[in-house]
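The structure appears right after this line, and notes come after that.
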Amino acid sequence: MEALIRVSNAIKSFRETRLSALRSPSEFFDHNRLSRPADMNQAVSRISYNTRYFSGNYGVVVAMLAVYALISEPLLLISLGFLIGGFAAINRFAAEPLQFGEHVVTQKTLYTGLFVIGIPLLLFSSPLGTFFWLVGASSVLILGHACIMEPGIESEYASVQDAV
């Protein structure tokens, strides 16, 4: 019951901090504000402003790309499920040593078996390739959007508000 309360508080905290920064889809996908930056200084200032302004939306983009990456790599999904499920099952059901005839199976033995099977399975499923694809795809999408999206009129007042 206490764990459920902690999860509930964590979700509430996440909603208050991250989801409050979400901008509406009409504002995020406003095609009227798209333009090519005149020079590199303008591109850098747009990226600087838009990454802060649309941070919640960019977090959703990264999360969607991560879900897509896991769905498109079923072996990675299976190996992560095996490792996470194995940890959960060992912690929940095998807290005390188990006796099978003459053999005693401890948590250490179960963790060793989990690692011997799970780590090669995880390495075979190319998590580094998926991670670097996620970083690259997120970077291209986020920096591209932030670069071509003109800041709104409220950006002019942001520097005044920071100075006060």
Side-chain angles (χ1 to χ4, degrees), residues 1-30 44 46-149 151 154 158 161-162:
M1 188 62 157
E2 188 176 313
L4 185 61
I5 293 171
R6 279 188 279 149
V7 170
S8 169
N9 289 339
I11 290 172
K12 188 182 298 182
S13 170
F14 176 77
R15 189 177 333 139
E16 290 171 357
T17 57
R18 285 289 173 198
L19 296 183
S20 66
L22 280 176
R23 305 294 176 190
S24 69
S26 61
E27 186 177 6
F28 188 68
F29 296 113
D30 187 6
V44 169
R46 284 183 182 186
I47 290 171
S48 174
Y49 176 76
N50 285 332
T51 51
R52 280 183 278 119
Y53 188 73
F54 291 115
S55 65
N57 297 71
Y58 293 146
V60 170
V61 167
V62 171
M64 288 171 50
L65 286 173
V67 168
Y68 172 76
L70 283 176
I71 291 172
S72 66
E73 294 286 339
L75 188 57
L76 180 61
L77 189 61
I78 290 169
S79 62
L80 286 174
F82 177 76
L83 284 170
I84 293 169
F87 275 117
I90 291 171
N91 284 333
R92 183 173 180 121
F93 299 118
E96 300 294 323
L98 302 171
Q99 181 83 27
F100 288 111
E102 298 175 6
H103 300 286
V104 176
V105 180
T106 63
Q107 265 191 336
K108 183 178 178 181
T109 308
L110 292 172
Y111 281 128
T112 303
L114 181 67
F115 283 139
V116 166
I117 296 169
I119 297 298
L121 182 64
L122 182 67
L123 292 176
F124 185 70
S125 64
S126 69
L128 288 177
T130 304
F131 173 76
F132 286 119
W133 175 86
L134 180 62
V135 168
S138 299
S139 299
V140 167
L141 283 174
I142 291 170
L143 292 176
H145 179 270
C147 184
I148 64 171
M149 182 67 74
E154 65 276 354
Q161 196 173 40
D162 291 339

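Remark: S72 pairs with no residue by the side chain to side chain donor-acceptor pair (under 3.5 Å) rule, at least two apart or across chains. For I78, the side chain to side chain contact (heavy atoms under 4.5 Å, CB included) test picks out no residue, with sequence neighbours left out. For the side chain to side chain contact (heavy atoms under 4.5 Å, CB included) test, residues two or more places apart in sequence or in another chain that qualify with F93 are A89. With sequence neighbours excluded, the residues satisfying side chain to side chain contact (heavy atoms under 4.5 Å, CB included) with S26 are S24. Not counting sequence neighbours, the partners of F29 by the side chain to side chain contact (heavy atoms under 4.5 Å, CB included) test are P25.
Of all non-hydrogen atoms in L70 and L77, the two that sit nearest each other are O-CB, 3.8 Å.
Taken to the nearest 0.5 Å, the CD1 atom of I148 stands 11.0 Å off from the CD1 atom of I47. Distance CG/L143 to CZ/R46: 14.0 Å, rounded to 0.5 Å. C147 contributes atom SG, which lies 9.0 Å from atom CG of N50 (distance to the nearest 0.5 angstrom). Separating the CG atom in L122 from the CZ atom in F115 is a distance of 11.0 Å, to the nearest 0.5 Å. The structure places CG of L80 at 4.5 Å from CG of L76, a figure rounded to the nearest 0.5 Å. One finds the CZ atom of F82 at 4.5 Å from the CD1 atom of I117 (value rounded to the nearest 0.5 Å).
Under the 3.5 Å distance criterion, with hydrogens and angles disregarded, a donor-acceptor pair is assigned to the side chains of T106 and T109.
Residues I71 and V67 have side chains in contact (heavy-atom distance under 4.5 Å, counting atoms from C-beta outward). Two residues are said to be in side-chain contact when any heavy atoms from C-beta on lie closer than 4.5 Å; Y58 and F28 meet this criterion. For the pair H145 and F54, the minimum side-chain heavy-atom distance is below 4.5 Å. At a threshold of 4.5 Å between non-hydrogen side-chain atoms, the residues I90 and L114 count as touching.
Formation of a donor-acceptor pair under 3.5 Å by the N57 side chain with backbone atoms of L22 is not found in this model. The backbone N or O of V44 sits nowhere less than 3.5 Å from a side-chain atom of S48 that would complete a donor-acceptor pair.
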Go through it in stages, so that I can follow the logic: the residues are E27 and Y53, the test is side-chain hydrogen bond (donor to acceptor under 3.5 Å, both in side chains), and I'd like the CA-CA distance, side-chain angles, deciding distance and then a yes or no. CA-CA 11 Å; E27 186 177 6; Y53 188 73; 2.3 Å; yes

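Sorted by first and then second residue, the side-chain hydrogen bond (donor to acceptor under 3.5 Å, both in side chains) pairs with a member in residues 74-95 read S79-S125, N91-Y111; sequence neighbours excluded.
Around atom CD of Q99, more than 12 heavy atoms belonging to other residues, nucleotides or ligands sit under 6.0 Å away.
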Listed pairs under 3.5 Å, donor-acceptor, residues 131-142 side chains, sequence neighbours left out:
from	atom 1	to	atom 2	distance (Å)
S138	OG	L134	O	2.7
S139	OG	V135	O	2.7

